[in-house]
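What follows is a set of notes on a single structure, which appears directly below.
Keep in mind that this is a model prediction, so the values were computed, not measured. Letters go in sequence order (proteins before strands), and every chain restarts at 1.
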Amino acid sequence: MSLLRVENVVKFFGGLMAVGNVSFDVPEGCVYGLIGPNGAGKTTVFNLITGNYKLNKGNIVFKGENITGMLTPRVVALGIARTFQNIRLFSNMSVLENVLAGYHCRMKSGALAAMLRLPKQRAEERRAIGKAIAELRFVGLEAEAENLARNLSYGNQRLLEIARALASDPALIILDEPAGGMNEYETTALVDLIERIRARGITVMLIEHDMSLVMRACEYIVVLEHGKKIAEGSPEVIKADPKVIEAYLGSDDDEI
Amino acid sequence: MEQFFTQLTNGLAVGGIYALIALGYTMVYGVLKLINFAHGDLFTIGAYLGLTLLASLGLTGNVGTAGGIFFLVLMVMGLVGVIGILLDRAAYKPLRTSPRLSAVVSALGASIVFSNTIMLVYGPSPRVYPQGLLPTHVFYVFGLPVPIMRIIILATSLVLMIGLYLFIQKTRTGTAIRAAAIDQGAARLMGINVDRVIMLVFFIGPALGGAAGVMVGLHYGQINFTMGWIYGLKAFTAAILGGIGNIPGAMVGGLLLGVIESMGAAYISNAWKDAIAFFVLILILIIRPTGLLGERVAEKI
Amino acid sequence: MSVSGNNIRIGLYAAVAVCWVAAPFFLDNYQTDVLNNIAIYALLGLSLNIILGYGGMFHMGHAAFFAIGAYTTAIMNTSWGIPVLWLLPLSGITAGVFALVVARPIIHLRGDYLLIVTIGMVEIVRIALVNNIFGITGGPNGIFGIASPQVFGYPINGIVHPAHYFYLLTVFIAFTIAVFYLLEHSRYGRALKYLCSDSVAAEGSGIDTSGYKLSAFVIGAFWAGMVGNLYAGKITFISPESFSFWESVVMFMIVILGGAGSIPGVLLGAILIIGLPEFFQELQQYRLLIFGIALVAMMIFRPQGVLPPKPHTYPVDKIDEKEVAL
Amino acid sequence: MKKIVLMLIAATFLFAGPAVSAETIKIGLMCPLTGSWASEGKDMRQIVELLAGQVNEQGGLLGKEVEIVVADDGGDPRTAALAAQRLASRGIVGVIGTYGSSVTEASQNIYAATNTLQIANGSTSVRLTEKGLPYFFRTCPRDDEQGRVAVKSMLEKGYKRIAILHDSTTYAKGLAEEARGLLADEAAEIVFFDALTPGEQDYTTILTQIRRDNPDVVFFTGYYPEAGMLLRQKMEMGLDVPFIGGDANNNPDLVKIAGTRAAEGFRFLSPPVPQDLPSPVAQDFLAAYIEKYGQAPGSIWAVLAGDGFRVLAKAIEETNSTETEAIADYLKNELQAFPGLTGMIDFDQKGDRIGDVYRVYEVDADGNFILQK
């Protein structure tokens, strides 16, 4: 059964069609790639899934529930977490606090419980800190817990975003160019991390320009061009697809 | 019906002044994203400087009324523009990289300094412009009286607005200002002297406020040291109503605010006038969150 | 900050607290009353800090909530003789409900647009009070003859004995600081800081930003309403002039000057903004001029506020290894 | 930063202490030196300081020098409450001031609680003396009397359709409502009753409405800056309706703002100004004031503050005491027909000034205020 189903999704910006009638199924437990030249509408598809943008037509179904038009926080609570193409961390807050943000939707204590410092609230705080440390350890940033997020290196900031997303205990994690700005060594570690994420039972979806990473990490790939799906299949199939090759050759700044 | 049109012109007359002050507000905001709460006081300074110059230079005697007023407005614009640049240097420039609200508090401090300085220099009593300088001719349009001064004020606001708009849209310097408004860092990389742009903006904005001050003084006669606060707030409201940072928006917002006020006062209640105006403003912003002509910038995620 | 730095800081706070509590013994009624004014505005600043400091919302209409609390107390006390302190929660609730109703449609406005709307809100409230809305606010005269509050049957008269009121206010401040400190360092306070820092990222992390913004407004308004109650009980006479737009500006300046999001900063901001003009009384008509210059100078000198917030440290080392679990 | 904190703590303790000196007699003056009413406060201070100087030249009071302790009330209630606490803890014999009823009201409780004598000068709201405060006096008359005089004067002129315009301040709305109440029993109709927003420049909207309602007279109960603007714009609009104003219009700046042509024929109520009183006290004061400050005092309310000082000085002399109780008792029971700068002064048991104080003034073609007999 598919975890996420995108059905005939259409999105216009003004008069411009950014996504046109795109459909695909993401099966549970896989690493799923979304590729395409610049401006193909990949990030827009992500933003539609997570509710950052409202779609004009189509349906998005997650775990059998129609999440079309649902607000982002509810989508996250249902189990879709994401990272951003241009890193968006809470830069003046500590690394630990950044991860706590992800766990936020799994906590319950409100303002009143905090003001009264109820035992339940305190226990929950401890649990949250424990969870955050565990996630930082998972991505290898435990030592940086007390640092401010803005003081991390570029690659570590990407890892921190992943840790923050993981802290929300998602069923599906959406990574928007996770290797952007990473060196080769870091990229290799990232492939390993993605594998470990999947080993936790979390389905991974990613947008990436680094084709070697995509081919290594993904089991299934969808290719978009000009907002339309032009191909899908296993990495081997995609590599051989003439339409894909043409799409990439047509644009001069990407390579396959 | 006659009542309605008279109130409409009443509203447009007040709105023209709001628009003129709002132009300066919006100009500074456009480039620096700074809410210059001292702008209203620059307007007051303009009014007082105009009075001083008028009394000491005897301008109207030497070059005729129209010419005298023209020179008077130019001189006040120059002086208030320079004060604007000094204000920027002293109170805002050191806060360029700080949180935006810090500059707001600095602006409020500057506003207190300006209004109290005016009070100490000119005394706390209202001051009065000499009368009879301006034409008092009244036109009749379809039998409705329209004093010529109202036409002059509206025309001046309109001319300044169009001039400013063309300057921003069509000249090289204007392009530099627009570039700096969009992204200062990028503008700098493109070789634009952003500091000069900011200085220019801090000259033009306050200069427009100063011009409005002289016009209020000439037209209404009475000026006082606290008037800048009220006018400043109204102009800020007008600028937001039209979409802050947008030059035609300031004009539309100013005129509309004037009309809303006079219509609200005339047909609902004078005592509730300002409350009605704010209520309409809130309704408009609920429907159009970035003002009437403000662009909705979809945030790139 | 190092451990010793922390200790120095805590020591300093303790010293200031001791000075504060002991101050009335060394001061005359006027000076104590200046402290009372500082206390009232410190409380208002702390309540505004929830909205403006943590939440980062440009809110310049806080006097509206203050006014609603004060008028609730004044009306209920003078009409039905309900003791002032019993009305403390009710004053907060009235202001909170008002905030809920008013803020809901405007909460999505950004930055400067929210600023002008909140200014409009405080002006509408003031004009409504002046025009004797519902026939209960007394119009421009306001309401006089509000009783002094009583604690265990002992009257606390803010006029005859400013020192008595001082301790009432101090107890409330201590309570407020404690509660807001806990709030700041909780899931709730963090959520506000997240949305202030980057609302898109906060939403993407599952934080319902508009819900939190709205609730911050309600909590801030609730507290300001309670301060309104204490203000009415202190001065025993309220009129619309006490709740003008300028009062909102004063609260705004307290938070930003002191350090947005910092409890010690807001307290110091209240001391500076309310205390300095009194300190310059001898200068008579020059006092506001000097105050204005001081304001600009302080902002230039410390653009982030005089005491900006310190990053919070979490008890990471106190977390048991067992609790570190995915 | 620690330095700042420490400095502040030090500063808190450094507020000039309540140094009670036996050498001088301290009299408080509470007046608006900042804010919208700063011009009133400036006049008040100049007059009271002038009079105190004269007393000191003649040897002071009870052989001691008089010292005026000034506190700025900023024209707003909160600042006024602080100013009152400040003066009350400065060992003063009594306090003169202030301008504005709601500002005075905010200070009344504090002076009452500290047994401080207060002589207000520009606070005409009726209820201030209806609270039964034993040590509160005022040299200005009350709004109910003013309302009576205004209504009488309008009816005498035969006006039937009356417009009442106020500015939503305590004073102006109170006076407007007094007049409305009194007119209810008369053969006149109120065709317009509304408020303008003070501090603005353009009142054509409200004047257009007044023209529509076509009254015989407009009673404006607000302050002179707005009155001046109304008169001026009324003329520019060609609206020909007589205006009558309340006592807050007695300020020569009114004519400056309106222009003599527009102001001509404007009538207002006011206690008599020193210029119109033939008494030597008033003439001497006027001469001394003009000599020192170069012009006649702008505001009658400031002159009333001078009268407050003079009755207080008189009471201290006569009772040979600085006790509040004794002075209040003297002012209520013994002071009779004291020659003030604004006419004879007597107080009743409430602390109100007795007698027909109000006069009607009219502006003549040269912009002078002419007392109507």
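Residues D:Ser89 and C:Tyr30 share a closest heavy-atom pair of OG-CB, 3.1 Å. Here the shortest heavy-atom pairing between C:Glu241 and D:Gly75 reads OE1-O, 4.0 Å. Looking at every heavy atom in both residues, D:Ser168 comes nearest to C:Pro140 through O-CB, 3.2 Å. The heavy-atom pair separating C:Asp33 from D:Ala81 by the smallest distance is OD2-O, 4.3 Å.
There is a side-chain donor-acceptor pair under 3.5 Å between D:Asn109 and C:Thr236. At a cut-off of 3.5 Å, with distance as the only test, a side-chain donor of D:Arg78 or C:Tyr41 sits close to an acceptor on the other residue.
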Could you walk me through whether C:Asn141 and D:Arg127 pass side-chain contact (heavy atoms from CB on, under 4.5 Å), step by step? CA-CA 10 Å; C:Asn141 290 335; D:Arg127 70 171 192 231; 3.1 Å; yes
Please step through side-chain contact (heavy atoms from CB on, under 4.5 Å) for the pair C:Thr32 and D:Gln85, ending with a clear verdict. CA-CA 9 Å; C:Thr32 309; D:Gln85 287 285 8; over 6 Å; no
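Contacts of C:Leu129 with chain D are absent, with no heavy-atom separation under 4.5 Å from either backbone or side chain. Looking at D:Ala106, the atoms closer than 4.5 Å to chain C (heavy atoms on both sides) sit in the backbone and in the side chain alike. Using a 4.5 Å cut-off between heavy atoms, C:Pro277 does not touch chain D at all. Looking at D:Thr197, there are no atoms closer than 4.5 Å to chain C (heavy atoms on both sides), in backbone or side chain.
Ranked by heavy-atom pairs under 4.5 Å with chain C, the list D:Leu82, D:Ile110, D:Asp76 is led by D:Leu82. Highest contact tally toward chain C, considering only D:Glu105, D:Lys173, D:Lys42, is held by D:Glu105 [criterion: heavy-atom pairs under 4.5 Å].
Residue D:Glu325 qualifies as open at atom CD: its count of foreign heavy atoms under 6.0 Å is 12 or below.
Salt bridge status for D:Arg90 with C:Asp28: present, with a side-chain N to carboxylate O gap under 4.0 Å.
Note that OG of D:Ser102 is 13.0 Å distant from CZ of C:Phe144, once rounded to the nearest 0.5 Å.
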